[in-house]
Amino acid sequence: MNKYIFSIKKALHNVIKILKLQFGISKKPAILEVVSVLTDKTQKIIRIIFAAVVIDLLTNQNGWYMILSLVVIFGASIAVLSFVSQKCKDLLSVYASKNDNNIMLTVNEKALKMDYIDVTDSEGLKQIMRAKSAMGNFLEIDYVIFYEMLGSLFTLTVLGFVLARLDPIVLIAILLFSILHYLLRKKQIKTEHKYEMKKSEYKKKHEYLNEVLFNQSYGKDIRIYNGADFIKAQYINISNRILTVDCQKERKLICLRIIKFILKSLQIALIYLWAVIKYMNGAITIGSITVYLTSAREISDAIQSFFDSIANIFKVSLFFEDYERCMAVPEKIAAISDDLKYLDCAKLNDFELEFKNVSFKYSGSSDYALKGISFKIRNNETISIVGENGAGKTTLAYLILRLFDVTEGEICINGVDIRKYSFSEYRNLIAPVFQDYEIMSYSLRENVIFDKPLDENKLQTCYCAAGLLEKVRSLSNGDNTILTKDIYENGEDLSGGEKQKLSIARAYYQDGKILILDEPTSSIDPIAEYSIFKNINDYNYGKAKIFITHRLTSTAFSDKIIVLDKGKIQQIGTHTQLVHSQGLYKEMYDKQAYYYLKKQKERQ
């Protein structure tokens with residue numbers, strides 16, 4: 001009993017929180033639901049009373065004038081109520097959509113603000129998916145409370161009073177049947193929630209496969225490598241798993257539905273039988289039979305609807321808890337604290353970035369991705385971080401960007417741990433270029449500057465320095481040209497090399513003091529690559545530049561080279577020092593030089 005009372009309190013507490021969330025955006029949907037339900041239910045009551053009055057008037061052979069007068073009055077009342085109800089529903093669709101979109105935005109914003117390590121973790125992704133799945137359920141709260149529950153109470157109050165005067169025994173019988181219906185409905189909702197949660201594990205895979213099937217960027221590889229049958233088989237497999245879960249749910253629910261149907265049929269049969277007996281005994285008139293039977297049916301539906309709405313509140317509460325769990329994930333990296341130091345990026349012209357015995361391992365892993373990393377880089381200094389794939393190069397870049405935070409050690413700017421600086425201000429200090437860049441379906445200009453203030457001269461300089469100016473000038477609408485065909489059919493598709501140049505221009509426009517380039521030229525030919533590296537050095541004078549690569553072209557421009565292997569620093573030095581000493585760098589350099597010279601000979 002205590003457990004049941006606790007669950008009721010918890011459900012009501014969650015409902016209050018949902019309503020506060022909704023009302024914080026707009027109270028209009030709730031108001032419109034109230035007016036809509038009152039006008040709808042009033043129409044039903046008028047129709048019931050109207051039918052009974054007309055039947056009794058006709059039976060008693062009253063004059064046509066009185067009957068026609070009542071028809072006009074009742075007809076006009078219903079017409080006005082119908083108009084008001086429909087107008088409320090039309091407006092409701094607009095304002096409810098606004099509320100829903102704003103609350104959906106909170107989940108999307110949370111996904112963007114969550115620590116990157118949580119977003120990349122499977123459990124973190126699962127929480128986001130569950131929160132999004134929950135939205136469609138707990139956003140029904142306006143309908144559940146203000147339409148179902150309020151409408152039921154209004155019907156019960158008015159028709160319950162009418163039926164209680166005619167026969168209170170029927171009212172009690174209906175109440176007992178409805179309590180049984182409620183208990184069955186509550187069990188049904190718990191079962192539905194259980195299987196929805198189970199299904200959410202497969203939904204993410206299903207959505208991903210939908211993306212693979214319809215996203216043109218996957219189309220080339222699928223066709224070249226005859227991957228269509230493989231993708232189709234994967235899609236069928238995951239669809240069948242979802243179907244299996246749905247079938248399991250339906251098997252659990254079918255017994256409950258049969259019992260509910262039997263109870264409903266038995267209730268209707270008993271009410272009709274009782275009404276006939278009352279009429280045969282002369283206790284009620286023909287008109288009263290209409291009120292009796294219709295009121296009994298409406299009250300029965302209203303009580304069941306009321307209990308359904310209570311059960312739905314439990315359902316809404318369960319789904320809201322999924323939403324809350326996602327929203328409660330701590331944003332440790334972006335957390336705001338009063339003791340954070342101010343970092344004025346514009347005035348930070350003389351600085352030193354230092355790794356102090358830094359180690360990092362991913363959540364749930366016992367192995368370190370990076371171990372004991374120590375080095376320094378000053379402004380106007382260029383370093384290259386090289387190593388084979390999986391050496392930890394990109395992880396190191398993520399630590400500088402604070403996409404991840406160190407497990408051990410410190411990363412400092414001028415001796416101050418970067419975790420003590422304001423996160424947003426610190427991020428303005430850095431301009432990264434990754435190999436897995438993304439181009440969005442907006443104009444080329446918007447892809448570069450986002451929502452930063454437009455400086456046309458600076459923008460053109462960035463295009464030029466990134467080697468993108470010629471392409472911009474060749475486009476029909478210049479840098480106002482929409483990119484990709486994801487949304488617009490006339491969107492421009494850039495080549496892989498052009499996309500990388502755009503991402504470099506984006507980093508230039510950020511104008512950070514530390515430039516991080518993670519395999520920035522992997523899709524660019526060697527001649528263009530050399531030109532871009534030269535431009536990076538010339539254009540970014542006074543900035544710290546960190547090249548992360550397994551191709552050694554950038555090392556010719558570097559003041560220092562750090563060689564990573566299996567998460568540890570194996571060598572540090574200049575290109576000249578490292579190429580003349582035995583170690584991983586010389587091994588990588590000799591291999592790349594060998595294959596480059598071999599290709600040159602083959603061409604000759």
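In this chain, residues are counted from 1 in sequence order. Fair warning: this is a prediction, and the values are worked out from it, not measured in the lab.
The aromatic rings of Y362 and F404 sit perpendicular, their planes meeting at an angle over 60°, well past the 30° parallel limit.
With rounding to the nearest 0.5 Å, the separation of NZ in K452 from CZ in R506 is 9.0 Å. Interatomic distance, CD1 of I25 versus CG of N101, reported as 9.5 Å (0.5 Å rounding). In this structure, CG in L32 is found 10.5 Å from CG in D90, a value given to the nearest 0.5 Å. One distance of note links CD1 of I242 with NE2 of H206; it measures 4.5 Å at 0.5 Å rounding. To the nearest 0.5 Å, the span separating OG1 on T155 from CG on L150 amounts to 9.0 Å. We find the OG1-CG distance between T481 and N490 to be 9.0 Å, quoted to the nearest 0.5 Å.
The residues E250 and R257 are annotated as salt-bridged, a charged nitrogen and a carboxylate oxygen being separated by less than 4.0 angstrom. Salt bridge status for R325 with D322: present, with a side-chain N to carboxylate O gap under 4.0 Å. A salt bridge links D40 with K89; the closest basic N to acidic carboxylate O contact falls under 4.0 Å.
Counting only heavy atoms from C-beta outward, the side chains of K41 and V158 never approach each other to under 4.5 Å. The side-chain heavy atoms of E446 and M440, taken from C-beta on, include no pair separated by under 4.5 Å. A heavy-atom distance below 4.5 Å is not found between the side chains of I482 and L444. For the pair L270 and F177, the minimum side-chain heavy-atom distance is below 4.5 Å. Contact annotation: the side chain of F154 approaches that of L38 to within less than 4.5 Å [non-hydrogen atoms, C-beta and beyond]. A 4.5 Å side-chain heavy-atom check between R419 and Y426 finds every atom pair outside the cut-off. Residues N428 and Q510 are in side-chain contact: their nearest non-hydrogen atoms beyond the backbone lie under 4.5 Å apart. Between L256 and L253 there is a side-chain heavy-atom pair separated by less than 4.5 Å.
Ring centroids of Y323 and F320 are separated by less than 6.0 Å, placing the two rings close together. Ring centroid separation for the pair Y442 and F450 does not come in under the 6.0 Å cut-off.
The shortest non-hydrogen separation linking T39 to S85 is OG1-CB, 3.3 Å. Closest approach of Y202 and V245 over heavy atoms only: CE1-CG2, 3.8 Å.
In this structure, N447 contributes its side chain and I439 its backbone to no donor-acceptor pair below 3.5 Å. The closest donor-acceptor contact from the side chain of S443 to the backbone of N480 lies at 3.5 Å or more, if one exists at all. Although no hydrogens or angles enter the test, the distance criterion places no donor-acceptor pair under 3.5 Å between the side chain of R402 and the main chain of F423. Although no hydrogens or angles enter the test, the distance criterion places a donor-acceptor pair under 3.5 Å between the side chain of S265 and the main chain of F261. A donor-acceptor pair under 3.5 Å is formed between the side chain of K110 and the backbone N or O of M327. Of the possible polar contacts, one joining the R427 side chain to the L401 backbone as a donor-acceptor pair under 3.5 Å is found. Side chain of K485 to backbone of G491: a donor-acceptor contact under 3.5 angstrom is found.
In this structure, K249 places its NZ atom where more than 12 heavy-atom neighbours from other residues, nucleotides or ligands lie under 6.0 Å away. Annotation for L454: atom CG counts as buried by contact number, over 12 foreign heavy atoms lying within 6.0 Å. Open room surrounds NZ on K252; 12 or fewer heavy atoms of other groups in view lie less than 6.0 Å from it.
Checking S82 against Q43 by side-chain atom types alone, a donor-acceptor pair falls below 3.5 Å. Q188 and K260 share a donor-acceptor pair across their side chains, judged by distance under 3.5 Å alone.
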Intermediate values then yes/no, side-chain contact (heavy atoms from CB on, under 4.5 Å), T106 and N102: CA-CA 7 Å; T106 64; N102 275 276; over 6 Å; no
